[in-house]
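The structure presented is a predicted model; accordingly, all values stated were derived computationally and were not measured.
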Amino acid sequence: MTFAAVSRSAPAVKPLALACAFSLSLFAGAAHADEADISTVHVTGPRFPSDAALPAVGATVITADEIRSAGVNDVNAAIRKIGGVFGRQSLDGSPDFGLDLRGFGTNSGQNLVILVDGVRMNENELAGAVLSSIPVDTVERIEIVRGGSSVLYGEGATGGVINIITKRGSEPGYHGSLVLEGGQFDQHDARATLRHGEGPLSFDIAAAHQATDNDRRNAEFRQKTVSGGVQWAQDATRVGLRVESARQDQRFPGSLTLAQFNANPQQTNTPNDFGTLASDRVLAFAEHRIGSVELAAELSHREREVGSAYDFGGFLSESTYNSRQTQFSPRLRQLSQWNGMLNEFVAGIDLINWERRTTLGSDASQDSRALYLRNEMRFGGERNARLALGARHEKFKKEEANAGLGVPNGDQSQNGWSVEGSIDPVSGVTVHAKAGQSYRLPNADENGYRSTSGLLDVQTSRDLELGVTVGGKARQVSARVFRHRLENEIFYDPTVPPFGANTNLDPTRRQGIELDGQLDLGMDLRLSGHFQHVQAEFTGGPNAGREMVLVPKNVLTTRLAWTPANGHSADIGAQYVSKQRYGSDFGNDCSTRMPSYTTFDARYAVKVGAWELAINGLNLADRQYFSQAFGCRSGIYPSDGRQLKLSARYDF
């Protein structure tokens, strides 16, 4: 069974009007931006650090400086607050909110690929990626590519891809930081990092302890992480090894009815439920350049043990599962020039093996093998025209050793393709278009509780995007219109007799518009924002025309940063989320919807020598809201109220 999210009321906001006003204010004069002011960001669109002339089309990049100035202390929060990605409250008290690109509701996590240093965090199960285990101070940047990306990243990339790149290498000598933070809800964090570089050799190590009681009863969360890496880089070669380990203890507050939420959103009906997580990962990587050809590969292995206990009227039911995943991803890239044209050719293989054993008797496994090719051409001249073609073929072998569970074994395969192009019709304006097919496979949990006798069918999506970007670093606005036409969407349908099941839905569609903007206001002020309007609905079958559940039509995120050169800095942000249909409302007949809400956060910091002291506030208006609700006026998981935090940071 899958889970999802939603929220409660807040001040009335006209999101579309605000978004249009915001974008128009940025657009004014942007077309006259100096071409030299346009910055180049090196992102890993083709699974290599891109050539300066071939940055990934339509990517949003969050830098380490932006993460620090916003005062966020985990990767998930950075993606939501700075990247403008909608997130749903976690069910286990952790900071790992469910992230949703382009309105995929309950199954947003299965329609989004998350990578760390090129290695998939998504696995063959419904559990989401645990981003809180990544020390935020080790992150160099976060890249968000919205829309179908199955050619490069495989199954599950219909909504998009989030790639987290950690810092590799170090300047000479020893450097590091120590961060201490405390706040309401008995929140206390401690983080430490150390880096050293000498010649071609460098290493780093990071450790963190995170704890909070959260705003609800029985919602405590504790986490310890440690990670480290060593790297040797010289001339055309780079090799290295990273090790990461995380331990979590969680309490499960459970869901509430709307009446219980209105009476006391801090209460719990499950005071004895709890869980644990232990995760360890090893990653080896290598890169080498021979003339115009670059070779690269990652080999990773991850082991995880998850435990949970639920109280059923005095009877404590405990369960454990152990899973492991191994991935090997070799690839090559060739850059060549011919008659004024720059050509980038990328080819690679992804080999992934996943296994899981549970105390409930399941012994499942999946092997996947994929080959992908991508070629991009950039034609010189004032128009800066680009054209990229890509294709992928992927095979899956699914097995369940316990025949008594009734889960069939079988093979499935799928093809993905993409066509992308862009052109600068005038200086400072870029127009782009994308088309393709993305896909996702049913995972072990979905096939374990399905509506069919055989394996669920592969979900496919025909993807289309048109966009324009105007301006440069100081003043820029981007607009994208998109459409995803899905067949056999994999979803938990509570209306399937007798008690609901995972199934392939009738045809569905996601379509909408996205706006991104940034503007230097002078006086060391910078305004940025992201707006998404999405329509998610059935296009065939008995539910044709009805809206999908747990999808807000409008999400607006804005931030204002003040960064003078005198050691002081401030940052304030707001996010508006519109109404959504409750998680069980497939018939669109629930008389109410989950209320809209607006939240505010802010941070003020001052540097004194090597020290930085800061105060940070979350949900400053103390809105009582929720972003998870799985029944009509029920199945509600409330979000935290207002929280103030103080922190001290020392850099050396």
Side-chain angles (χ1 to χ4, degrees), residues 44-48 56 59 99 101-102 104 107-129 143-164 283 296-302 325-333 346-354 365-374 388-398 411-420 434 436-444 446-447 455-463 484 486-490:
T44 56
R47 295 183 65 165
F48 282 89
L99 301 174
L101 292 176
R102 296 195 166 171
F104 281 88
N107 277 1
S108 58
Q110 282 67 55
N111 287 278
L112 164 66
V113 170
I114 297 179
L115 306 106
V116 178
D117 294 327
V119 176
R120 285 179 69 107
M121 299 284 282
N122 308 69
E123 300 189 8
N124 183 35
E125 54 192 345
L126 286 173
E143 302 166 359
I144 304 171
V145 178
R146 293 172 168 87
S149 304
S150 284
V151 166
L152 290 174
Y153 301 104
E155 72 94 10
T158 296
V161 174
I162 297 176
N163 195 6
I164 300 146
L283 167 67
E298 291 99 18
L299 174 63
S300 70
H301 180 75
R302 198 269 317 135
Q325 178 164 299
T326 302
Q327 175 178 337
F328 180 51
S329 297
R331 59 195 182 279
L332 66 84
R333 173 172 69 169
V346 175
I349 298 171
D350 287 326
L351 307 173
I352 302 177
N353 172 262
W354 175 90
S365 65
Q366 175 178 285
D367 285 312
S368 65
R369 290 168 169 75
L371 169 66
Y372 60 90
L373 304 171
R374 185 179 186 272
L389 307 174
R392 183 186 186 96
H393 179 68
E394 192 162 12
K395 292 183 177 181
F396 299 83
K397 183 177 182 180
K398 297 174 175 289
D411 297 340
Q412 293 179 306
S413 63
Q414 187 59 45
N415 298 319
W417 60 270
S418 65
V419 179
E420 303 176 40
K434 299 181 182 181
Q437 176 172 280
S438 58
Y439 58 92
R440 95 166 178 93
L441 272 287
N443 58 50
E446 290 165 328
N447 277 325
L455 296 173
L456 294 173
D457 290 333
V458 178
Q459 167 189 310
T460 60
S461 174
R462 290 297 181 95
D463 311 315
H484 302 281
L486 294 104
E487 299 286 339
N488 295 317
E489 181 172 357
I490 304 166

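One finds the CD1 atom of I114 at 10.0 Å from the CD1 atom of I144 (value rounded to the nearest 0.5 Å). Put simply, CG on N111 and CG on L486 are 7.0 Å apart, with the number rounded to the nearest 0.5 Å. Atom CZ of F328 is separated from atom OG of S300 by 10.5 Å, given to the nearest 0.5 angstrom. A distance of 11.5 Å separates CE in M121 from CG in L112, rounded to the nearest 0.5 Å. Note that CD of E123 and CD of Q366 are 10.5 Å apart. Values are rounded to the nearest 0.5 Å. Atom CZ of F104 sits about 11.5 Å away from atom CD1 of I490, to the nearest 0.5 Å.
Of the residues listed (N447, D457, N488), the one engaging P442 in a side-chain contact (heavy atoms from CB on, under 4.5 Å) is N447, and it is the only one. The side chain to side chain donor-acceptor pair (under 3.5 Å) test with Y439 singles out one residue from Q412, E394, Q459, and that residue is E394.
Side-chain atoms of K398 never come within 3.5 Å of backbone atoms of L455 as a donor-acceptor pair (strictly under, hydrogens ignored). N122 places no side-chain N or O within 3.5 Å of a backbone atom of A129 that could act as its donor or acceptor partner. Within the 3.5 Å criterion, the main-chain N or O of A444 finds a donor-acceptor partner in the side chain of N124. Listed for the Q325 side chain is no donor-acceptor partner under 3.5 Å among the backbone atoms of I352. Of the possible donor and acceptor atoms, none in the side chain of R47 sits under 3.5 Å from a partner among the backbone N and O of G348. For the pair N415 (side chain) and A391 (backbone), a donor-acceptor distance under 3.5 Å is absent. Between the side chain of S368 and the backbone N or O of F396 there is no donor-acceptor pair closer than 3.5 Å. The backbone N or O of G147 lies less than 3.5 Å from no partner atom in the side chain of D463, so there is not a single donor-acceptor pair.
Partners of E487 by side chain to side chain contact (heavy atoms under 4.5 Å, CB included), not counting sequence neighbours, listed by chain and number: T460, P507.
Counting all heavy atoms, side chain and backbone alike, G118 lies closest to N163 at N-OD1, 3.8 Å. When every heavy atom of P330 is checked against every heavy atom of A297, the shortest pair comes out as CA-CB, 3.8 Å. The two residues V151 and Y372 have their closest heavy-atom pair at O-CB, 3.2 Å. Contact detail for S150 and A157: the closest heavy-atom pair is N-CB, 3.9 Å. Among all heavy-atom pairs drawn from L441 and E446, the shortest one is O-OE1, 4.3 Å. Considering all non-hydrogen atoms of both residues, V145 and S149 come closest at CG1-OG, 4.0 Å.
Side-chain atoms of H393 and S413, non-hydrogen and from C-beta on, do get closer than 4.5 Å to each other. In this structure, Q327 and R120 have side chains that are in contact, with non-hydrogen atoms separated by less than 4.5 Å. Looking only at side-chain heavy atoms (C-beta outward), E420 and R374 come within less than 4.5 Å of each other.
The pair R392-D350 counts as a salt bridge, with a side-chain nitrogen and a carboxylate oxygen less than 4.0 angstrom apart. Ion pairing of R331 with E298 is present here, as a side-chain N (NZ or NE/NH1/NH2) and a carboxylate O approach within less than 4.0 Å.
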> Stepwise, does the side-chain contact (heavy atoms from CB on, under 4.5 Å) test hold for Q110 with L126?
Replying inline: CA-CA 7 Å; Q110 282 67 55; L126 286 173; 3.7 Å; yes
